[in-house]
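Notes follow the structure.
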Amino acid sequence: MPHDSLLTLEMVCERVSLSASYVRKLIRAGKFPEASHVFGSRAVRWSESKISEWIENNRKTVVS
């Protein structure tokens, strides 16, 4: 089974082409995956596979 990388908020934003504040807004609205790993209030990470899945399911939204 391949290793699933952990992404920082900066990496997630770059991957989905959205600002950090907009990603946070989507999380609060339940429209974006919450961080899968929380190491403290400022150290959160997202599973690369969950972000890839979100991108695939929201391709039109991300592209437009």
Side-chain angles (χ1 to χ4, degrees):
M1 183 158 103
H3 176 69
D4 194 15
S5 298
L6 297 178
L7 306 175
T8 64
L9 178 58
E10 182 179 344
M11 294 163 79
V12 168
C13 291
E14 193 174 299
R15 181 76 63 94
V16 299
S17 301
L18 298 171
S19 70
S21 60
Y22 195 68
V23 167
R24 288 186 195 103
K25 181 179 178 178
L26 290 174
I27 292 168
R28 284 192 301 274
K31 298 180 179 182
F32 196 88
E34 291 191 27
S36 54
H37 294 76
V38 180
F39 303 106
S41 63
R42 298 185 63 104
V44 296
R45 301 291 184 270
W46 283 259
S47 165
E48 184 175 24
S49 62
K50 292 290 184 187
I51 298 305
S52 295
E53 181 181 325
W54 186 87
I55 292 169
E56 188 62 35
N57 293 333
N58 294 280
R59 185 174 300 281
K60 286 184 180 180
T61 306
V62 173
V63 174
S64 57

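The basis for the numbers below is simple: all heavy atoms, side chains too, and nothing from hydrogens, waters or symmetry mates.
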Cys13 and Ser19 have their tightest heavy-atom pair at SG-C, 3.8 Å
In terms of hydrophobic clustering (I, L, V, M, F, W, Y; side-chain heavy atoms under 4.5 Å; direct or indirect links), are Leu26 and Leu7 co-clustered?
yes
With the 4.5 Å side-chain cut-off for hydrophobic clustering, are Trp54 and Leu6 part of the same group?
no
What verdict does the side-chain contact (heavy atoms from CB on, under 4.5 Å) test give for His37 and Val44, after you've listed the backbone C-alpha separation in whole Å, the side-chain angles of each residue and the deciding distance to 0.1 Å?
CA-CA 6 Å; His37 294 76; Val44 296; over 6 Å; no
Those residues at least two apart in sequence (or on a different chain) that pass side chain to side chain contact (heavy atoms under 4.5 Å, CB included) with Ser52 are Arg15, Glu48
One should read off an interatomic distance between Ile55 CD1 and Ser17 OG, to the nearest 0.5 angstrom, of 8.0 Å
Taking all non-hydrogen atoms of both residues into account, name the closest pair between Trp46 and Glu34 and its distance.
NE1-C, 3.4 Å
Kindly say whether Ser47 contributes a backbone atom to a donor-acceptor pair with the side chain of Asp4 at under 3.5 angstrom?
no
Using the rule given for side-chain contact (heavy atoms from CB on, under 4.5 Å), can you reason through Leu9 versus Arg24, listing the C-alpha separation, both sets of side-chain angles and the distance that settles it, and then say yes or no?
CA-CA 10 Å; Leu9 178 58; Arg24 288 186 195 103; 3.1 Å; yes
Heavy-atom closest pair (Ile27 atom, Pro33 atom, distance to 0.1 Å) is CG1-O, 3.9 Å
